[in-house]
Amino acid sequence: RDDVLAIKNELERAEKAARALFEELRSGTTVDSTLPDVRSPPRDVDLAPHTGRKGAAGAKVRVVEFADFQCPYCSRAADAMRALAKRYGDQVEFGYRHFPLRGMHPDADRAAQAAQCAGRQGKFWEMHDRLYTAQHGLDAESILGMGKELGLDGAKLEGCLSKGEAAAEVETDLQKGSE
């Protein structure tokens, strides 16, 4: 324990000395930047009426995620979004928009449409979470089973999917994400 405290104290002293050195170097110095600004311009990422939303509408902070239900990285991002929502609650507005990587993930488009169809029955976020937990089994039969687990009207879900009722919404999100 004494060794840990000694190391901690030494690190704090080194950090304090480094800050003092940097402050001394900055004082009285003019920095002239000749590099171009390579940041991309800000984008207005609105939340379309069909967008999955939670948190406080009109909050000062809005996080809009474009994601794919079959993507393992998107699944990790969903975990991070849940942690943010838990930590900040109504201080942040969250939006989920679909970005199915159709060439890589053949079931992602169907899953996105299923989430939209579930949203029509008031269960977007429940389906969202369920799809991510089963992202390796997103065939039509499995998705209908998930809907049943969530208490959705199975006939409405199946009809919505078979008629492609949510396809235009998914396409709108994909186009917006591509911008």
Side-chain angles (χ1 to χ4, degrees), residues 12 15 19 22 33 35-105 107-138 142-153 156-157 160-161 164-179:
E12 286 174 1
E15 185 177 333
R19 273 194 238 144
F22 288 132
S33 178
L35 296 173
D37 185 357
V38 295
R39 292 176 291 183
S40 61
R43 303 276 187 217
D44 179 18
V45 183
D46 63 337
L47 294 179
H50 68 266
T51 305
R53 300 172 186 224
K54 63 181 166 182
K60 286 185 179 181
V61 176
R62 176 187 287 167
V63 177
V64 180
E65 174 185 17
F66 284 82
D68 171 330
F69 286 113
Q70 254 187 313
C71 169
Y73 302 105
C74 296
S75 178
R76 289 187 205 154
D79 292 339
M81 292 299 153
R82 275 190 289 281
L84 283 172
K86 184 177 179 180
R87 182 170 180 177
Y88 294 104
D90 286 341
Q91 297 176 44
V92 178
E93 180 180 21
F94 293 91
Y96 184 93
R97 299 199 63 182
H98 304 286
F99 199 79
L101 301 172
R102 294 169 174 153
M104 297 172 89
H105 301 135
D107 296 325
D109 197 70
R110 177 187 309 110
Q113 290 184 48
Q116 288 304 115
C117 293
R120 291 178 177 164
Q121 295 186 45
K123 301 261 183 160
F124 176 86
W125 290 104
E126 292 85 348
M127 182 61 90
H128 166 279
D129 292 347
R130 186 65 184 94
L131 290 166
Y132 274 126
T133 63
Q135 65 184 175
H136 298 295
L138 299 177
S142 297
I143 286 174
L144 292 174
M146 290 176 211
K148 186 176 181 179
E149 288 172 22
L150 295 173
L152 297 175
D153 180 319
K156 284 183 182 177
L157 177 62
C160 181
L161 289 169
E165 291 175 10
E169 295 166 353
V170 172
E171 190 61 33
T172 296
D173 284 357
L174 185 60
Q175 294 303 316
K176 186 66 171 180
S178 294
E179 284 177 17

Take the angle between the ring planes of Tyr96 and Phe124 and call it parallel below 30°, perpendicular above 60°, tilted in between. tilted
Set out, in order, the CA-CA distance, both residues' side-chain angles and the distance that settles side-chain contact (heavy atoms from CB on, under 4.5 Å) for Met81 and Leu84, then state yes or no. CA-CA 5 Å; Met81 292 299 153; Leu84 283 172; 4.2 Å; yes
Hey, what do you get for CG (Asp109) to CD (Glu171), rounding to the nearest 0.5 Å? 8.0 Å
Salt-bridged, Asp79 to Arg82, with N to O below 4.0 Å? yes
Could you tell me which non-hydrogen atom of [X] sits nearest to which non-hydrogen atom of [Y], and how far apart they are?
X: Ser142; Y: Gly137; value: CB-O, 3.2 Å
X: Ala114; Y: Leu157; value: O-CD1, 4.2 Å
X: Val170; Y: Pro100; value: CG1-CG, 3.8 Å
X: His98; Y: Ala115; value: CE1-CB, 4.0 Å
X: Arg97; Y: Thr172; value: NH2-CG2, 4.0 Å
X: Ala56; Y: Glu93; value: O-CB, 3.1 Å

Spell out, as yes or no, whether a donor-acceptor pair under 3.5 Å connects the side chain of [X] to the backbone of [Y].
X: Gln121; Y: Asp153; value: yes
X: Lys123; Y: Leu150; value: yes
X: Gln116; Y: His50; value: yes
X: Arg110; Y: Leu138; value: yes
X: Ser178; Y: Leu174; value: yes

Got Arg130 and Thr133 here, is their nearest side-chain heavy-atom distance under 4.5 Å? yes
Quick check: do Arg120 and Glu165 have side-chain heavy atoms less than 4.5 Å from each other? yes
Tabulate below the donor-acceptor pairs under 3.5 Å that side-chain atoms of residues 67-75 make, not counting sequence neighbours, or state none.
{"unit_1": "Asp68", "atom_1": "OD1", "unit_2": "Gln70", "atom_2": "N", "d": "2.7"}
{"unit_1": "Asp68", "atom_1": "OD1", "unit_2": "Cys71", "atom_2": "N", "d": "3.4"}
{"unit_1": "Asp68", "atom_1": "OD2", "unit_2": "Leu101", "atom_2": "N", "d": "2.8"}
{"unit_1": "Asp68", "atom_1": "OD2", "unit_2": "His105", "atom_2": "ND1", "d": "2.8"}
{"unit_1": "Gln70", "atom_1": "OE1", "unit_2": "Asp107", "atom_2": "N", "d": "2.9"}
{"unit_1": "Gln70", "atom_1": "OE1", "unit_2": "Ala108", "atom_2": "N", "d": "3.2"}

Determine whether more than 12 heavy atoms belonging to other residues, nucleotides or ligands lie under 6.0 Å from atom NZ of Lys54. yes
Would Glu179 and Gln175 count as a side-chain hydrogen bond (donor to acceptor under 3.5 Å, both in side chains) if you check the C-alpha gap in whole Å, the side-chain angles of each, and the deciding distance to 0.1 Å? CA-CA 6 Å; Glu179 284 177 17; Gln175 294 303 316; over 6 Å; no
Show the numbers, then the answer: is there a side-chain contact (heavy atoms from CB on, under 4.5 Å) between Val61 and Tyr88? CA-CA 10 Å; Val61 176; Tyr88 294 104; over 6 Å; no
For Arg76, give me all partners under salt bridge (charged side-chain N to carboxylate O under 4.0 Å, His left out), at least two apart in sequence or on another chain. none
